[in-house]
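Just below is one structure, and these are the notes that go with it.
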Amino acid sequence: MLQEVTNGGLIKGGFSSHELADSLDFCLSCKACASDCPAGVDVAAYKSESLYRKYKGKLRPMNHYVLGQLPRWEKLMVPFAPVVNGVMGQDWLRKLLLPVAGVDSRRRIPKVARRSFAADRRRAEKAGVALRVTAARTKTDRVLVWADSFSNGFAPGVDHDVVRVLEHVGLEVVTPARSVCCGLTWISTGQLDGARKRLAQLMDEFAPIVDSGVPIVGVEPSCTAVLRSDLLELFPDDPRAKLIAENTFTLSEVLMGRSPVTPDSEVELPRLDGLELVVQPHCHQHSVMGFAPDRQLLTSLGAELTQLAGCCGLAGNFGLEKGHYDVSVAVAENALLPALRQASDDAVFLADGFSCRTQAEQLADKEGVHLATLLAQRF
């Protein structure tokens with residue numbers, strides 16, 4: 001379809017044709033094809049570019065403004081968290097409001113945090129109990145923990161756990177002076193100008209820090225993958241993009257010594273002997289960073305892993321959008337839901353991806369934990 005649109009042959013209407021829209025509608029934007037396909041074709045990138053060309057300068061579907069610009073609304077929702085959570089906790093209001101936003105009424109919106117991680121850090125810095133990013137360097141290795149919009153506004157406890165784990169292994173932790181976004185939701189909905197604007201702000205903030213020898217530790221796999229992959233595609237000629245991409249790491253990569261800074265060799269992480277883990281690797285992590293460091297870390301600590309293959313089915317905004325719910329559930333039934341049903345009552349569901357944890361909670365009533373939380377709970 002894309003080839004025909006490019007050639008201008010059989011399909012009329014170009015990027016606005018219904019044939020192209022139909023062919024890409026059930027692309028989850030999971031990016032797994034970029035690594036699983038023998039040709040390495042990233043269909044998610046094609047979908048994003050197609051949506052960009054189709055809607056450039058035009059009115060977009062409502063879900064592009066709501067889900068596609070979610071970090072913008074997250075900043076507005078956090079100060080009014082009790083009201084937002086109260087409204088969305090009423091079934092009749094939720095079923096009335098969500099379709100207007102282009103969201104399936106069978107979905108639930110995750111609860112907004114009453115206080116963001118960024119706000120907590122600012123308070124801690126003012127109180128002198130957290131290190132400012134501008135603090136003078138010491139002999140101790142330093143890392144920059146980047147709290148993405150999802151964890152910052154919906155699951156700030158995960159960000160705090162990442163900080164605890166890194167400090168536990170002897171690293172100095174700093175956070176950005178201002179909150180910056182990678183534009184992931186803008187990318188997945190084809191709002192590439194908006195994505196470039198946010199990534200340009202991110203590079204302004206991160207490049208000087210990284211250039212001074214401080215690597216970035218991402219919390220959310222999909223956002224971490226943006227800095228490792230999409231950033232280079234959207235800014236191919238900006239040397240800052242390459243600098244940031246080469247110095248962005250997952251928590252497991254840092255703990256396994258795969259980053260320029262390494263943990264204190266004399267500090268041991270808590271043992272996980274006999275712990276049964278049902279693990280859902282995030283699709284973007286699978287595609288861009290790989291899950292090998294996580295698996296190596298967990299097995300070295302004694303955990304027993306059941307690693308799931310395939311997407312959880314939520315895939316960011318895909319599973320929330322009207323018209324995608326049934327497919328989202330069907331994808332979850334491929335691996336995630338059967339594994340959760342078969343797991344013992346003592347099994348822990350491990351998923352670093354916010355979408356993966358949301359899908360398991362909404363479809364299986366199973367709470368998932370991030371790697372950082374799994375470790376921090378055992379200190």
Side-chain angles (χ1 to χ4, degrees), residues 2 5 13-18 20-31 34 42-77 98 100-104 107 109 146 148-150 152-154 179-206 220-238 241 244-245 283-284 287-288 314-324 353-355:
L2 285 163
V5 166
F15 286 96
S16 297
S17 65
H18 69 84
L20 181 61
D22 289 345
S23 70
L24 290 174
D25 185 44
F26 288 125
C27 166
L28 281 73
S29 295
C30 68
K31 296 179 77 71
D42 187 347
V43 179
Y46 280 108
K47 181 178 182 178
S48 181
E49 180 69 21
S50 298
L51 290 171
Y52 173 69
R53 297 192 184 199
K54 177 178 180 178
Y55 289 113
K56 185 173 175 59
K58 300 176 183 177
L59 191 66
R60 288 174 167 269
M62 184 57 70
N63 65 283
H64 285 200
Y65 298 108
V66 178
L67 300 175
Q69 299 182 15
L70 184 60
R72 172 179 289 170
W73 310 126
E74 173 254 320
K75 291 182 179 179
L76 297 175
M77 290 189 294
L98 291 187
V100 177
V103 178
D104 193 288
R107 284 295 182 182
I109 301 302
W146 170 42
D148 56 278
S149 299
F150 299 105
N152 182 58
F154 293 98
S179 297
V180 287
C181 176
C182 69
L184 171 63
T185 56
W186 278 265
I187 293 172
S188 62
T189 51
Q191 302 179 77
L192 298 184
D193 290 333
R196 289 189 181 94
K197 178 180 178 180
R198 280 149 188 84
L199 283 169
Q201 294 171 346
L202 182 146
M203 288 193 293
D204 289 342
E205 184 73 21
F206 284 178
E220 168 64 33
S222 56
C223 297
T224 306
V226 169
L227 300 196
R228 293 267 284 259
S229 176
D230 301 81
L231 177 63
L232 293 168
E233 296 171 359
L234 293 171
F235 292 89
D237 301 319
D238 195 322
I244 290 172
C283 292
H284 289 190
S287 176
V288 178
L314 187 59
N317 55 288
F318 176 87
L320 295 174
E321 295 170 349
K322 284 194 294 186
H324 291 165
F354 182 72
S355 289

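The structure presented is a predicted model; accordingly, all values stated were derived computationally and were not measured.
A heavy-atom distance below 4.5 Å is found between the side chains of Leu314 and Leu320. Side-chain contact between Tyr55 and Pro61 is present, with at least one heavy-atom pair separated by less than 4.5 Å.
Between Phe26 and Phe318, the ring planes are perpendicular. Angles over 60° get that label, and only those under 30° would be called parallel.
Side-chain N or O atoms of Ser229 include none that pairs as donor or acceptor with a backbone N or O of Val288 at under 3.5 Å. A donor-acceptor pair is defined here as one N or O able to donate and one able to accept, closer than 3.5 Å; no such pair exists between the side chain of His324 and the backbone of Leu28. Thr189 contributes a side-chain N or O that, together with a main-chain N or O of Thr185, makes up a donor-acceptor pair within less than 3.5 Å. Distance alone, capped at 3.5 Å, is enough to place a donor-acceptor pair between the Gln191 side chain and the His64 backbone. For the pair Asp148 (side chain) and Glu220 (backbone), a donor-acceptor distance under 3.5 Å is present.
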Stepwise, does the salt bridge (charged side-chain N to carboxylate O under 4.0 Å, His left out) test hold for Lys31 with Asp230? CA-CA 11 Å; Lys31 296 179 77 71; Asp230 301 81; 3.7 Å; yes
Could you please spell out the steps behind the side chain to side chain contact (heavy atoms under 4.5 Å, CB included) verdict for Leu20 and Lys54? CA-CA 10 Å; Leu20 181 61; Lys54 177 178 180 178; over 6 Å; no
Test side chain to side chain contact (heavy atoms under 4.5 Å, CB included) on Ser16 and Lys58 and set out the steps. CA-CA 11 Å; Ser16 297; Lys58 300 176 183 177; 3.7 Å; yes
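In plain terms, the two heavy atoms of Trp146 and Thr224 that are nearest each other are CZ3-N, 4.2 Å. Contact record, Leu202 with Cys181: CD1-O, 3.9 Å, taken as the closest heavy-atom pair. Considering all non-hydrogen atoms of both residues, Met203 and Leu231 come closest at SD-CD1, 3.9 Å.
For Tyr65, the OH atom sits in a packed shell: over 12 heavy atoms of surrounding residues, nucleotides or ligands are nearer than 6.0 Å.
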